[in-house]
Amino acid sequence: MPALFPTPQSRAVAGGVLAMAAVVLASNLLVQFPINDWLTWGAFSYPVAFLVSDLVNRRFGPGPARRVAWAGFAVAVAASLWLAPARIALASGSAFIASQLLDIRVFDRLRRGRWWRAPLVATVAAAVLDTAVFWSIAFAGDGGPWITWALGDLAVKLGVGVSMLLPFRLLIGRAVP
């Protein structure tokens with residue numbers, strides 16, 4: 001009987017899908033709990049999604065990274081529809097796939113530069129897009145301080161995104177071209 005994930009690449013993609021789905025699902029739940037008028041708990045977990053796609057992109061290229069994004073998207077949206085309000089699931093799915101595809105494209109275009117440039121620039125660009133799309137769909141018009149939540153969310157995403165450079169570097173090790 002053949003193995004379910006016979007190659008290192010297929011095992012990595014499967015692990016990436018599981019990691020991506022877990023990050024997005026956790027973030028969709030955590031975004032419903034504000035810390036204050038500037039921030040929700042989801043801001044701390046979501047930037048890990050960019051780390052997942054950047055690691056897969058660095059190791060296996062943009063094709064497998066896109067497969068991780070699309071599969072993670074499907075799993076996360078399905079689970080989010082069950083565990084979170086529909087508007088959050090819709091906002092999350094829209095923001096997630098748009099920002100992940102942007103992250104993957106920017107990362108791939110910059111991958112030959114210094115080891116930190118591709119993940120940093122890709123994460124910043126994707127975080128801005130993700131924040132704009134998510135918050136404008138999920139909370140616009142509901143009466144909450146969604147604009148300040150979006151600004152606080154973006155600030156934390158950028159801070160966490162920059163801090164993800166260290167795990168990125170440690171996890172890619174000497175495989176950097």
Side-chain angles (χ1 to χ4, degrees), residues 15-57 62 65-108 110 118-168:
V17 168
L18 291 175
M20 191 68 78
V23 167
V24 174
L25 180 57
S27 298
N28 287 352
L29 294 173
L30 292 169
V31 75
Q32 298 174 73
F33 301 100
I35 297 170
N36 55 34
D37 283 347
W38 284 91
L39 198 55
T40 71
W41 287 105
F44 293 96
S45 58
Y46 189 75
V48 177
F50 300 124
L51 173 65
V52 172
S53 62
D54 290 349
L55 287 168
V56 174
N57 199 346
R66 280 190 293 275
R67 285 193 289 282
V68 165
W70 281 108
F73 165 80
V75 171
V77 168
S80 293
L81 283 169
W82 185 55
L83 295 171
R87 76 179 193 290
I88 290 177
L90 172 66
S92 174
S94 301
F96 171 81
I97 202 61
S99 65
Q100 284 295 313
L101 294 176
L102 177 64
D103 180 88
I104 292 164
R105 177 172 293 247
V106 170
F107 185 100
D108 189 50
L110 299 175
L120 178 63
V121 174
T123 295
V124 168
V128 169
L129 178 62
D130 180 82
T131 301
V133 172
F134 176 80
W135 288 97
S136 63
I137 294 172
F139 292 104
D142 81 344
W146 73 273
I147 293 176
T148 56
W149 283 341
L151 293 172
D153 180 79
L154 179 59
V156 170
K157 278 182 192 168
L158 294 174
V160 172
V162 168
S163 74
M164 291 291 105
L165 288 173
L166 178 60
F168 178 82

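Numbers here are sequence positions counted from 1.
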So how far is it from [X] [atom1] to [Y] [atom2], rounded to the nearest 0.5 Å?
| X | Y | atom1 | atom2 | value |
| --- | --- | --- | --- | --- |
| Phe107 | Leu120 | CZ | CG | 11.5 Å |
| Thr131 | Asp153 | OG1 | CG | 4.5 Å |
| Trp135 | Asp130 | CH2 | CG | 10.5 Å |
| Leu25 | Leu30 | CG | CG | 9.0 Å |
| Asp103 | Asp54 | CG | CG | 4.0 Å |
| Met20 | Leu51 | CE | CG | 9.0 Å |

Is it the case that the side chain of [X] and the backbone of [Y] share a donor-acceptor pair, with hydrogens and angles ignored and the cut-off at 3.5 Å?
| X | Y | answer |
| --- | --- | --- |
| Ser92 | Ala89 | no |
| Asn57 | Ile104 | yes |
| Trp41 | Ser27 | no |

Is any side-chain heavy atom of [Y] closer than 4.5 Å to one of [X]?
| X | Y | value |
| --- | --- | --- |
| Phe96 | Tyr46 | yes |
| Ile88 | Phe134 | yes |
| Arg87 | Phe139 | yes |
| Phe44 | Lys157 | no |
| Leu165 | Pro119 | yes |
| Leu101 | Arg66 | yes |
| Val124 | Leu158 | yes |

So, for [X] and [Y], which heavy atoms are closest and what is the spacing to 0.1 Å?
| X | Y | answer |
| --- | --- | --- |
| Gln100 | Ala69 | CB-CB, 3.9 Å |
| Ser94 | Ile137 | CB-CD1, 4.0 Å |
| Ala19 | Val52 | CB-CG2, 4.0 Å |
| Val160 | Pro47 | CG1-CB, 3.6 Å |

Counting only heavy atoms not in Trp146, do more than 12 fall under 6.0 Å of its CH2? yes

